[in-house]
2 protein chains.
Amino acid sequence: MPKTTTTYHHGDLRNALIQAGLSILQTDGEATLTLRKVAREAGVSHAAPYRHFADKTALLSAIAQQGFDLLTAQLQAAATDFSDTPQRILLETGLNYIQFARQYPDHFRLMFGGVLRAAGPDAPLRAAAEQTFAQVVNAVATSQACGIVKAGDTHQLATTAWSMAHGLADLAVEGMLGQPTNSTADVEQIARFSLQQLLVGLLGR
Amino acid sequence: MPKTTTTYHHGDLRNALIQAGLSILQTDGEATLTLRKVAREAGVSHAAPYRHFADKTALLSAIAQQGFDLLTAQLQAAATDFSDTPQRILLETGLNYIQFARQYPDHFRLMFGGVLRAAGPDAPLRAAAEQTFAQVVNAVATSQACGIVKAGDTHQLATTAWSMAHGLADLAVEGMLGQPTNSTADVEQIARFSLQQLLVGLLGR
DNA sequence: ACCTGAACACCGTTCAAGT
DNA sequence: ACCTGAACACCGTTCAAGT
């Protein structure tokens, strides 16, 4: 009997609502993600969600948080995959970050659009975002250990690396990268090139 | 008699609506930016905007486009200011980009959030965004000419520089930079550091 | 040609009432 | 404790009608 399953008439409505919202997000985008539709999809009345979320923003926050958790796991998995070639870990982390954004563009946009900005400094959503960032910090630390990134403030260097990957990811999602085709190959190419340029700078001279 | 002034009962409603929308955006944010409110602020009925915009998205696009025009002008002005110290032009362009994002966070978010993604390849909004990008291309070309950026595909190098600045700007707007204070000084510091790291890479060896 | 007012379908949120 | 149904104020969009 796991304590996380808050049983109700159909099981765990809170999670059912998050899943329903996620499904709508991936199929129809954020514009059509309405609280009433989420309730409909979960098979409850439109007022039921208010037993589990204070308002619509709270549900969106929970969905965004789930996105950060997923991204964190994905970056962690990539780090494990390349644990025997640590020189490549930072590059691969960046490429993975961009791949996530392109795979779940609406989820990515939700994570970094407004909800995060509105979240206070100690909101659980911020903590989830910082966990994602921690993966970048780890990748930088590993890179420093194996000498492809110079010594120095790891946190600061990680912020730089994160900004590069995030900028590429966001521009890719907006369709401003690899113009005019914007194909996967184009985006991969410019992403690799950009990350490598930065890595030269981070190596120092 | 300028031909741009399409007179109507009160003057140029199209522009009045854009201005009203802009005002709401800067004071209350995108969440409260409603078509009816814009009409109210412009002093017309809620159906009047449909004589000038196909739907709400079209108005938001026009506002976003105005944002790109403003940003382009700002970057151009910065380039002029530093025309006698061309080695600094790329750094200053990046800092200016970030400053714009922090000064008009909701406008910045609107420009890169959804509206652009929905815009087709030959929408006027995309052209405006590309004009902004052209400023970065110019800065890179200048930097190549004065030898602080290596020779090579200018467009590609500019995309790299744009991604760095854009990532910093977006994370700053979301409050993920210069934690925990997120003060102007913090953001400026990490932005300068990050851009400089990239510049070392772009110089080559 | 440009604007208004009523109308429609929808939304977020609240609340008394049900089990 | 958790959910429903009606209700309220609001929104985007359409359309006949006004000037």
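A quick note: this is a predicted structure, and the numbers were derived from the prediction, not measured. Lettering of chains follows the sequences in order, A, B, ..., and the numbering in each one begins at 1.
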Got a list of side-chain donor-acceptor pairs under 3.5 Å for residues 53-67 of chain B, not counting sequence neighbours?
residue : atom : partner : partner atom : Å
B/Asp55 : OD1  : B/Thr57 : N            : 3.4
B/Asp55 : OD1  : B/Ala58 : N            : 3.1
B/Lys56 : NZ   : B/Leu33 : O            : 3.1
B/Ser61 : OG   : B/Thr57 : O            : 3.4

Taking distance alone, no hydrogens or angles, what donor-acceptor pairs closer than 3.5 Å link side-chain atoms of residues 18-25 of chain B to residues at least two apart or in another chain?
residue : atom : partner : partner atom : Å
B/Ser23 : OG   : B/Glu41 : OE2          : 3.3

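Listed by chain and residue number, B/Tyr104 satisfy the ring pair (Phe, Tyr, Trp, His ring centres under 6.0 Å) test with B/Phe100 (two or more places apart in sequence, or in another chain). By the side chain to side chain contact (heavy atoms under 4.5 Å, CB included) test, A/Ser83 is found to be paired with no residue, residues two or more places apart in sequence or in another chain being considered. Among residues two or more places apart in sequence or in another chain, the side chain to side chain donor-acceptor pair (under 3.5 Å) test is passed with B/Thr132 by B/Thr72. Partners of A/Arg36 by side chain to side chain donor-acceptor pair (under 3.5 Å), not counting sequence neighbours: none found.
Comparing C/dT4, C/dC15, D/dT13 by their closest approach to the side chain of B/Lys56 singles out D/dT13. Comparing atom distances between the A/Ala48 side chain and each of D/dT13, C/dG12, D/dT4 picks out D/dT4 as nearest. The side chain of A/Tyr50 lies closest to C/dT13, out of D/dT4, C/dT13, C/dA7.
Inter-residue side-chain proximity for B/Gln103 and B/Gln26 is flagged as unmet; no heavy-atom pair is nearer than 4.5 Å.
The distance from atom CG of B/Leu13 to atom P of C/dA1 is 17 Å, rounded to the nearest whole Å. Distance, B/Leu59 CG to D/dG12 C1': 12 Å, rounded to whole Å. Between the CG atom of A/Asp28 and the P atom of C/dC11 there is a distance of 12 Å, rounded to whole Å.
The list of side chain to side chain donor-acceptor pair (under 3.5 Å) pairs with a residue in residues 153-176 of chain B, not counting sequence neighbours, reads A/His166-B/Asp170, A/Asp170-B/His166, A/Gln189-B/Gln156, A/Ser194-B/Thr160, B/Tyr97-B/Trp162, B/Tyr97-B/His166, B/Arg109-B/Asp170, B/Arg109-B/Glu174, B/Gln144-B/Thr154.
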Parsed dot-bracket for DNA chain D after applying the Watson-Crick and G-U rules with both distances under 3.5 Å and | for other-strand partners is ||.|||||...|||||.||
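Between A/His46 and A/Arg51, the residue anchored nearer the 5' end of DNA chain C, judged by the nucleotide with its closest heavy atom, is A/His46.
For DNA chain D, the neighbouring residues in residues 29-41 of chain B, judged by any heavy atom under 4.0 Å, are B/Thr34, B/Leu35, B/Arg36, B/Arg40.
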